[in-house]
Amino acid sequence: MQRTKISVLLRTEPTGTEVLVKGWVKAFRNNQFIALNDGSTANNIQIVVSENTDPELIKRIKFGAAIGVQGTLLESQGKGQRVEIAASNITIYGDVNLEEYPLQPKKQSLEFLREHAHLRFRTNTFAAVFRVRHALAFAIHQFFNERGFFYIHTPIITASDAEGAGEMFRVTTLDPKNPPLDEQGNVDYKQDFFGKTTNLTVSGQLEGELAATALGDIYTFGPTFRAENSNTTRHLAEFWMIEPEVAFADLNDNMNLAEDMLRYVITYALEHCADDLKILEERLLEEEKSKPQDQRSEMSLTEKLRFVTENNFERLTYTEAIDILKNSNPNKKGKFQYPIEGWGVDLQSEHERYLVEKHFKKPVILTNYPAAIKAFYMRLDEGAEPGKETVSAMDILFPGIGEIVGGSQREERYDVLLQKMQAMHIPEAELSWYLDTRRFGSCPHAGFGLGFERLILFVTGMTNIRDVIAFPRYPGSAEF
RNA sequence: GCUUCAUUAGCUCAGUUGGUUAGAGCGGCGGACUGUUAAUCCGUAGGUCCAAGGUUCAAGUCCUUGAUGGAGCGCCA
């Protein structure tokens, strides 16, 4: 007999049809009722064990055991569920020794579960997180596909170390204890696998631009690696990034695209993950009970998500933000650890948090940052007064997360780009292929990078990025 | 990398100014229970107090160093 998934059975009319379910025992009550879950949904199906079941079999129905149940789907006689299965036959696929099984039928801390990441999928919270993660990934592809974007796979291994997006992981097949040396006694990477030094990618943007300047609208969605010694709740050494790149688009088009995309995928999650979001909302509520009143969020998780889908993001320039911050109460009262003194300095996370969480109380798009604090490829704004040059950059800041999107209109003018690369000491020889886009049929274009795990953080209400990726990689940790 | 807090039973935590035999809830185990919903009820076992060194008549408690974990900051997505 073919097994039916619990997600399907819970929507089926209970007319006494014969069904087969397979899953894991979540609870066994009163020697009679099994709460069974197969991962297809956050909800369990209730199995009613018949009175004449072998007592030896009943003893093996324990929390975590994998079982199969054949029986009839009936309207539930008890309250709390619509349907249940009256079992006629129960098969044990995998027993569980509860004296050794780390998981327990009770609340367990996220820290403990992180150390048992191979088993944490089995908890209600993590199963919900990973179903939402899937839904968001799917929604992103659907969003871009509907708009005629092409999904480009950019390389994971790159020979370029000039992208300037952070420290890189070296890729090599050389023996670290006995590497070949050149005449000067340095490691001879000409003898390495690729004949040169190679690294894991920190961004697919530059390759994405190559595709966009032919295919028009493209996006990438792939793993990204940063060897930064970052120890925070919002950084990973291995994470997933979405990077759209759009030909003939300016900064405004870029902001509209990013805002539309975020609204689209969050709406998708609200529509398709209601059961999972309910679990996550309750989890968050429980977690916040231990916090002092003034640190609890004013809105529930789904209210927060709806708020984002129903309201426009606040758009303002870096210069306007500096004015607001300079005149803000915390700045005047010396509450900022880094006081705002003038134009030109980068904003600290306390400043971003003030703008997003206190001043505007909504997502904020900051634009037109000083050129000196941004990457070489961002387009230089025209008409700036000398010493106050800005670039067409944009950062989208979300409450509780900070920067979720970073992007810009790209510098399409060959001379301007070359000049900036020289000023910022970017080796042009290594990026000649990139410069070629500006030499031949150059066009205005824009794009951004979205941190996928940061998006999941926001949608799930989880607070540590290590809990929204299955097996997190961060300094000192690459388990599983 | 910096700052800070923590580490006591399987899990989450309490443990007074240093002073007998280190506690609780949940979980486990044994039993009862056929309309339960984090089921309930009865019984029961379970400890290298993170590690090493030091102070002291006496250290879970104080000091030093280290390890691991959390949070914040920096770097960013």
Side-chain angles (χ1 to χ4, degrees), chain A residues 26-35 43-53 58-59 62-64 74 76-81 84 86-87 96-116 124 163-167 202-205 223-243 258 282 286 290-291 295 336-338 346-353 373-375 395-398 401-407 448-458 463-467 469 474-477:
Chain A
K26 285 287 183 179
F28 187 33
R29 293 183 287 265
N30 208 10
N31 253 354
Q32 192 184 6
F33 301 103
I34 303 169
N43 301 310
N44 305 326
I45 196 159
Q46 172 155 292
I47 310 295
V48 185
V49 178
S50 81
E51 226 169 328
N52 49 25
T53 305
I58 285 188
K59 277 189 184 169
K62 291 178 177 178
F63 174 74
L74 298 168
S76 178
Q77 294 171 42
K79 288 168 188 163
Q81 59 279 318
E84 63 190 20
V96 62
N97 177 353
L98 292 175
E99 282 180 304
E100 291 175 8
Y101 191 38
L103 300 186
Q104 298 177 356
K106 54 170 279 190
K107 284 220 156 52
Q108 289 184 289
S109 70
L110 296 174
E111 291 80 9
F112 174 80
L113 292 171
R114 208 172 291 149
E115 287 173 13
H116 298 81
N124 294 339
E163 292 165 31
E167 292 298 310
V202 292
S203 164
Q205 180 200 316
T224 310
F225 307 88
R226 305 267 167 97
E228 301 286 355
N229 190 9
S230 297
N231 295 286
T232 77
T233 54
R234 54 191 189 282
H235 287 88
L236 290 165
E238 177 183 287
F239 63 102
W240 289 67
M241 189 154 64
I242 295 101
E243 295 180 286
E282 283 161 7
E286 195 65 31
S290 61
K291 285 186 179 173
Q295 283 175 35
F336 283 143
Q337 197 191 333
Y338 300 90
D346 209 352
L347 299 181
Q348 305 292 318
S349 39
E350 60 177 346
H351 307 136
E352 296 180 349
R353 275 210 314 275
I373 60 171
K374 287 288 182 183
D395 283 0
I396 302 186
L397 311 175
F398 263 40
I401 287 148
E403 187 179 344
I404 197 166
V405 163
F448 62 83
L450 166 75
F452 186 48
E453 282 78 14
R454 289 187 181 176
L455 172 67
I456 303 169
L457 271 186
F458 182 75
T463 46
N464 191 317
I465 202 164
R466 296 167 188 179
D467 294 331
I469 188 166
Y474 49 95
S477 187

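Each chain gets a letter, A, B and so on, in the order the sequences are listed, and its residues count up from 1.
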- side-chain N/O A:R353 vs B:C73 OP1/OP2, d < 4.0 Å: yes
- Message: With rounding to the closest Å, how many angstrom separate the P atoms on B:U56 and B:C49?
- Response: 23 Å
- Let me know, please, whether A:Y338 or A:G451 comes out on the 5' side of the other along RNA chain B by nearest nucleotide. A:Y338
- Query: Quantified in whole Å, what is the P atom distance between nucleotide B:G54 and nucleotide B:U16?
  - Reply: 25 Å
- Task: Just name whichever nucleotide pairs with B:C57, Watson-Crick or G-U, keeping both distances under 3.5 Å, else none.
- Result: B:G19
- Query: Is a side-chain donor or acceptor of A:E453 paired with a backbone partner of A:I469 at a separation under 3.5 angstrom?
  - Reply: no
- Query: Please give, in whole Å, the distance from B:G27 P to A:Q104 CD?
  - Reply: 8 Å
- Item | Atom P, compared across B:A39 and B:A59: separation rounded to whole Å | 45 Å
- Note on the structure: Pairing partner of B:A38, by Watson-Crick or G-U wobble and under 3.5 Å for both distances, is none
- Note on the structure: Partner of B:G1 under the Watson-Crick or G-U wobble criteria, both distances under 3.5 Å, comes out as B:C73
- Taking atom C1' in both B:U48 and B:C42, what distance in whole Å separates the two? 34 Å
- Message: Mind checking if A:I242 touches a base, just sugar-phosphate, or nothing, with heavy atoms under 4.0 Å?
- Response: nothing
- Message: Given B:G31, B:C29, B:A71, identify the nucleotide with an atom nearest to the side chain of A:T233.
- Response: B:A71
- Message: Quick one, A:R114 and A:N464 - any side-chain contact, counting heavy atoms below 4.5 Å?
- Response: yes
- Pairing nucleotide - B:A24, Watson-Crick or G-U, each distance under 3.5 Å: B:U12
- N/O (side chain, A:S230) to phosphate O (OP1/OP2, B:C75) under 4.0 Å: no
- Nucleotide B:G69, atom P - distance to OH of A:Y474 in whole Å: 6 Å
- Task: Fit a plane to each ring of A:F458 and A:F398, take the angle between them on a 0 to 90° scale, and name the class: parallel (under 30°), tilted (30 to 60°) or perpendicular (over 60°).
- Result: perpendicular
- Proximal nucleotide (of B:C76, B:C73, B:C11) relative to the A:Q348 side chain: B:C73
- Query: Would you say A:N231 reaches B:G70's phosphate, i.e. side-chain N/O to OP1/OP2 under 4.0 Å?
  - Reply: no
- Task: Calculate the interatomic distance between A:E99 atom CD and B:A9 atom C1'; express it in whole Å.
- Result: 14 Å
- Sequence neighbours excluded, the answer for side chain to side chain donor-acceptor pair (under 3.5 Å) partners of A:Q108 is none
- Item | Distance-only donor-acceptor test, A:E111 side-chain atoms vs B:G70 base atoms, 3.5 Å | no
- From CD of A:Q337 across to P of B:G72 the rounded distance in Å is 14 Å
- Item | Span that lies between the P atom of B:A51 and that of B:A38, in whole angstrom | 39 Å
- Compare side-chain N and O positions of A:R29 against OP1 and OP2 of B:U36 and report whether any pair is under 4.0 Å apart. no
- Query: How long is the line joining CG of A:N97 and C1' of B:G27, in whole Å?
  - Reply: 14 Å
- Message: I want to check one thing: is the phosphate of B:G70, taken as OP1 and OP2, less than 4.0 Å away from some side-chain N or O of A:R114?
- Response: yes
- Query: Can you tell me how far C1' in B:G15 sits from the matching atom in B:G60, rounded to whole Å?
  - Reply: 8 Å
- Distance, rounded to the nearest Å, where A:F112 contributes CZ and B:G70 contributes P: 14 Å
- Are A:F336 and A:H351 close enough that their ring centers fall under 6.0 Å? yes
- Task: Using Watson-Crick or G-U wobble geometry with both distances below 3.5 Å, tell me the partner of B:G43, or none.
- Result: B:C29
- Message: Taking only the C1' atom of each, what is the distance from B:C41 to B:U34 in whole angstrom?
- Response: 16 Å
- C1' atoms of B:A52 and B:C57, separation to the nearest Å: 24 Å
- Interatomic distance, A:Q108 CD vs B:G69 C1' [rounded to whole Å]: 17 Å
- A:R466 side chain N/O closer than 4.0 Å to the phosphate oxygens (OP1, OP2) of B:A71? no
- A:A27 near the nucleic acid: base, sugar-phosphate alone, or nothing, with a heavy-atom cut-off under 4.0 Å? sugar-phosphate
- Task: Hunt down the Watson-Crick or G-U wobble partner of B:U68, both distances under 3.5 Å, from any strand shown, or write none.
- Result: B:A6
- Note on the structure: Heavy-atom nearest pair, A:T463 first then A:T233, reads O-CB, 3.5 Å
- Query: Does any non-hydrogen side-chain atom of A:F239 lie less than 4.5 Å from one of A:R454?
  - Reply: no
- Query: Mind checking whether A:T224 and A:W240 have side chains closer than 4.5 Å, heavy atoms only?
  - Reply: no
- Check whether any side-chain heavy atom of A:L113 lies under 4.5 Å from a side-chain heavy atom of A:L103, and answer yes or no. yes
- Cation-pi geometry met for A:R466 and A:Y474 (6.0 Å, 45°): yes
I'd like a table of atom pairs between the protein and nucleotides 33-35 of chain B - only N or O on both sides, under 3.5 Å - with the distance next to each one.
unit_1: B:C33; atom_1: O2; unit_2: A:N30; atom_2: OD1; d: 3.0
unit_1: B:C33; atom_1: N4; unit_2: A:N31; atom_2: OD1; d: 3.4
unit_1: B:C33; atom_1: N4; unit_2: A:N31; atom_2: ND2; d: 2.9
unit_1: B:U34; atom_1: O4'; unit_2: A:Q32; atom_2: OE1; d: 3.4
unit_1: B:U34; atom_1: O2; unit_2: A:Q32; atom_2: OE1; d: 3.4
unit_1: B:U34; atom_1: O2; unit_2: A:Q32; atom_2: NE2; d: 2.4
unit_1: B:U34; atom_1: O4; unit_2: A:E51; atom_2: N; d: 3.2
unit_1: B:U34; atom_1: O4; unit_2: A:E51; atom_2: O; d: 2.8
unit_1: B:G35; atom_1: O6; unit_2: A:Q77; atom_2: OE1; d: 2.9
unit_1: B:G35; atom_1: O6; unit_2: A:Q77; atom_2: NE2; d: 2.6
unit_1: B:G35; atom_1: N1; unit_2: A:E84; atom_2: OE2; d: 2.9
unit_1: B:G35; atom_1: N2; unit_2: A:Q46; atom_2: NE2; d: 3.3
unit_1: B:G35; atom_1: N2; unit_2: A:S76; atom_2: OG; d: 3.4
unit_1: B:G35; atom_1: N2; unit_2: A:G78; atom_2: N; d: 3.1
unit_1: B:G35; atom_1: N2; unit_2: A:E84; atom_2: OE1; d: 2.5
unit_1: B:G35; atom_1: N2; unit_2: A:E84; atom_2: OE2; d: 3.4

- Message: Nearest to the side chain of A:K106, heavy atoms from C-beta on, is which of B:U37, B:C26, B:C76?
- Response: B:C26
- Message: Once you apply a heavy-atom cut-off of 4.0 Å, does A:K62 come out as touching a base, just sugar-phosphate, or nothing?
- Response: sugar-phosphate
- A:L110 CG to B:C11 C1', straight-line distance once rounded to whole Å: 13 Å
